[in-house]
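Notes follow the structure.
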Amino acid sequence: MSVSRTELQDPGAREGAGILESRLTGLSREEFARDVWARTASLTREASDFSDVFSPSAVDELISRRGLRTPFLRVAKDGATQPSSSFTAPAGVGATVADQLDDTALWRAFADGATLVLQALHRTWEPVADLVSELSTELGHPVQANAYVTPPQNRGFDAHYDVHDVFVLQIEGAKRWVVHEPVLPDPLRDQPWTDHRAAVADRVTHGTPHLDTMLRPGDVLYLPRGWLHSAQAQGRVSIHLTLGVHAWTRYALAEQLTRAALAALGDDPSMRRSLPLAEPDEPSGAHATDGVLDVIRERLLAAVAEADPAPLFHRARRSQARPAPLGPVSQLAALSGLATTSPVRLRKALEPRLEGTRLHTRVGHLDFPAPDLVPVARLLEGRVRTAGDLGLALAGRLLRAGVLVPADR
């Protein structure tokens, strides 16, 4: 699937458009879910100008001035990852930790044809963090970001597939991408491409590419997990961002369902009972037969049918990402100067969930007395504008907990 900017008719100008429509695909969330998500590769030409998100100067600053440490950077050459000891070193007095990036070593590796991979940019570069947070909220799945800085003609990594979906945002230069359909559709996180190396090599060598194209600045390529791909810079330095979407799957939900069922069985005295003794000459596990296994299977199936995986599932989802950044100095100033007219808002990316009298978030849980439940519910709906809307005592408690933050007027 491929669309062009002329076909998009300036999606960024569409009122109320989400990040998918305004910057990545030109498709609404509903259109993307129906036609593209987890189904097929999709290329959008001139989707957006990403210079506000990332740039060559951002690469230089991160490597030379931010004091980054491993594993915030990897180095790859000729399809293989280089040892971190080859590009890390202490940084002198007051910064003697040995795993800091050595900009001189990295420059030499880059000049010698190595690809630099800046990892977890959603933790180290604010514009990327903002983009990732917005996309994660829109998709409902965790998102991470890496940048690949590739010298001319370097291929970086061998043809492979990822176990997460990706959006490739071309930032600088041009890169040729060759994409093949999966050898293992929808791989799980413990099913890496290296387990299917021969099938991947055969598909890439003998199969017809689904896509063989050049990405230029502003282009966006979406690949569902499992789609084979390789890339090579063309003629000059190439920089692209990869937004990795770690999609929640039916299998993941089944895991939570099973855990909930096993937790319930742990409260059943009959299921905690020891198995009978085995005769010395019996095969291992034979004493678990004679109807015992049938009872266990029947009870397990009943527990699965009765289990509610929602609490575990939402707890797992909350653990997969971080809330929006919180500045302790500005937070203390907001708490100290709190008044009924103080503008406040819910901290972003908290994954809040109100269950009974308990509010679950990525920064922990809070229990509330009945009178506070109505204003808390209004806060979650986005209808609170000032501390007075909540009540000063409740607003102060939520500020101290890191759930509420000062808002711009």
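Nothing fancy with the numbering, it's 1 onward along the sequence.
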Donor-acceptor pair, [X] side chain versus [Y] backbone, under 3.5 Å?
X	Y	result
Thr81	Ala76	no
Thr205	Ala201	yes
Ser342	Ala339	yes
Gln232	Ser230	no
Gln331	Gly402	no
Gln119	Pro71	yes
Arg362	Ala321	yes
Arg39	Ala33	yes
Ser22	Gly18	yes
Ser336	Leu332	yes

Using side-chain heavy atoms (C-beta onward) and a distance below 4.5 Å, is [X] in contact with [Y]?
X	Y	answer
Ser57	Asp60	no
Leu228	Val179	no
Asp219	Thr44	no
Val237	Glu172	no
Val53	Arg23	yes
Lys77	Asp112	yes
Glu61	Trp125	yes
Arg345	Val405	yes

Mutual orientation of the aromatic rings belonging to Phe32 and Trp37 [parallel < 30°, tilted 30-60°, perpendicular > 60°]: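 Plane angle between 30° and 60°, so tilted.
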Please work out which of the three classes, parallel, tilted or perpendicular, describes the rings of His240 and Trp177, given edges at 30° and 60°.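 Perpendicular.
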State whether the number of non-hydrogen atoms from other residues, nucleotides or ligands found under 6.0 Å of [X] atom [atom1] is greater than 12.
X	atom1	value
Arg123	CZ	no
Arg108	CZ	no
Arg400	CZ	no
Glu306	CD	yes

Is it true that Asp267 and Arg272 have a side-chain N and a carboxylate O under 4.0 angstrom from each other?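 No salt bridge links Asp267 with Arg272.
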Using a strict 4.0 Å threshold on nitrogen-to-oxygen distance, state whether Arg358 and Asp367 make a salt bridge.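 The answer is yes: the pair qualifies as a salt bridge.
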Is it possible for you to check whether Arg197 lies under 6.0 Å from the centre of the six-membered ring of Trp193, through NZ or CZ, and within 45° of that ring's axis?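 Yes, Arg197 and Trp193 form such a contact.
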Measure from the ring center of His180 to the ring center of His210 and say whether it is less than 6.0 Å.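 No: the rings miss the under 6.0 Å criterion.
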For the [atom1] atom of [X] and the [atom2] atom of [Y], what is their distance to the nearest 0.5 Å?
X	Y	atom1	atom2	result
Thr208	His206	OG1	NE2	12.0 Å
Arg65	Asp103	CZ	CG	9.5 Å
Asp102	Ser64	CG	OG	11.5 Å
Gln191	Tyr251	CD	OH	8.0 Å
Leu312	Asp308	CG	CG	8.5 Å
Glu138	Glu21	CD	CD	8.5 Å

Is it true that [Y] and [X] share a donor-acceptor pair across their side chains at a distance under 3.5 Å?
X	Y	answer
Lys175	Thr150	yes
His246	Gln144	yes
Ser238	Gln170	yes

Test side chain to side chain contact (heavy atoms under 4.5 Å, CB included) on Ile63 and Leu73; report intermediate values, then the result. CA-CA 9 Å; Ile63 288 176; Leu73 186 132; 4.2 Å; yes
Just one of Thr361, Val363, Leu404 clears the side chain to side chain contact (heavy atoms under 4.5 Å, CB included) bar with Arg347, so which one?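 Of the listed residues Thr361, Val363, Leu404, the side chain to side chain contact (heavy atoms under 4.5 Å, CB included) partner of Arg347 is Val363.
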Would Asp35 and Leu27 satisfy side chain to side chain contact (heavy atoms under 4.5 Å, CB included), going step by step from the backbone distance to the final call? CA-CA 9 Å; Asp35 300 330; Leu27 302 173; 5.6 Å; no
Which atom names give the shortest non-hydrogen contact between [X] and [Y], and what distance separates them?
X	Y	result
Ser133	Ala349	OG-CB, 4.0 Å
Trp227	Thr40	CZ2-CA, 3.7 Å
Ala233	Pro152	CB-CA, 4.2 Å
Leu350	Pro323	CD2-CB, 3.7 Å
Val75	Ala109	CG1-CB, 4.5 Å
Ala38	Asp186	O-OD1, 4.3 Å

Worked check of side chain to side chain contact (heavy atoms under 4.5 Å, CB included) between Leu139 and Val245: CA-CA 9 Å; Leu139 295 177; Val245 184; 3.9 Å; yes
Under the side chain to side chain contact (heavy atoms under 4.5 Å, CB included) test, residues paired with Arg317 that sit two or more places apart: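 In terms of side chain to side chain contact (heavy atoms under 4.5 Å, CB included), with neighbours along the sequence ignored, Arg317 is linked to Trp248, Phe313, Glu351.
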For His164 and His141, what are the C-alpha separation, side-chain angles and deciding distance, and is it a side chain to side chain contact (heavy atoms under 4.5 Å, CB included)? CA-CA 11 Å; His164 51 266; His141 297 268; over 6 Å; no
Where do Asp268 and Arg299 land on the salt bridge (charged side-chain N to carboxylate O under 4.0 Å, His left out) test, with the steps shown first? CA-CA 10 Å; Asp268 183 346; Arg299 184 67 190 92; 3.0 Å; yes
Kindly state each residue pair satisfying ring-ring contact (aromatic ring centres under 6.0 Å, His included) with at least one member in residues 339-386, sequence neighbours excluded.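 For residues 339-386, and leaving out neighbouring residues, there are no ring-ring contact (aromatic ring centres under 6.0 Å, His included) pairs at all.
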Given salt bridge (charged side-chain N to carboxylate O under 4.0 Å, His left out), test Glu31 with Arg29 step by step and report yes or no. CA-CA 6 Å; Glu31 291 169 331; Arg29 183 178 183 278; over 6 Å; no
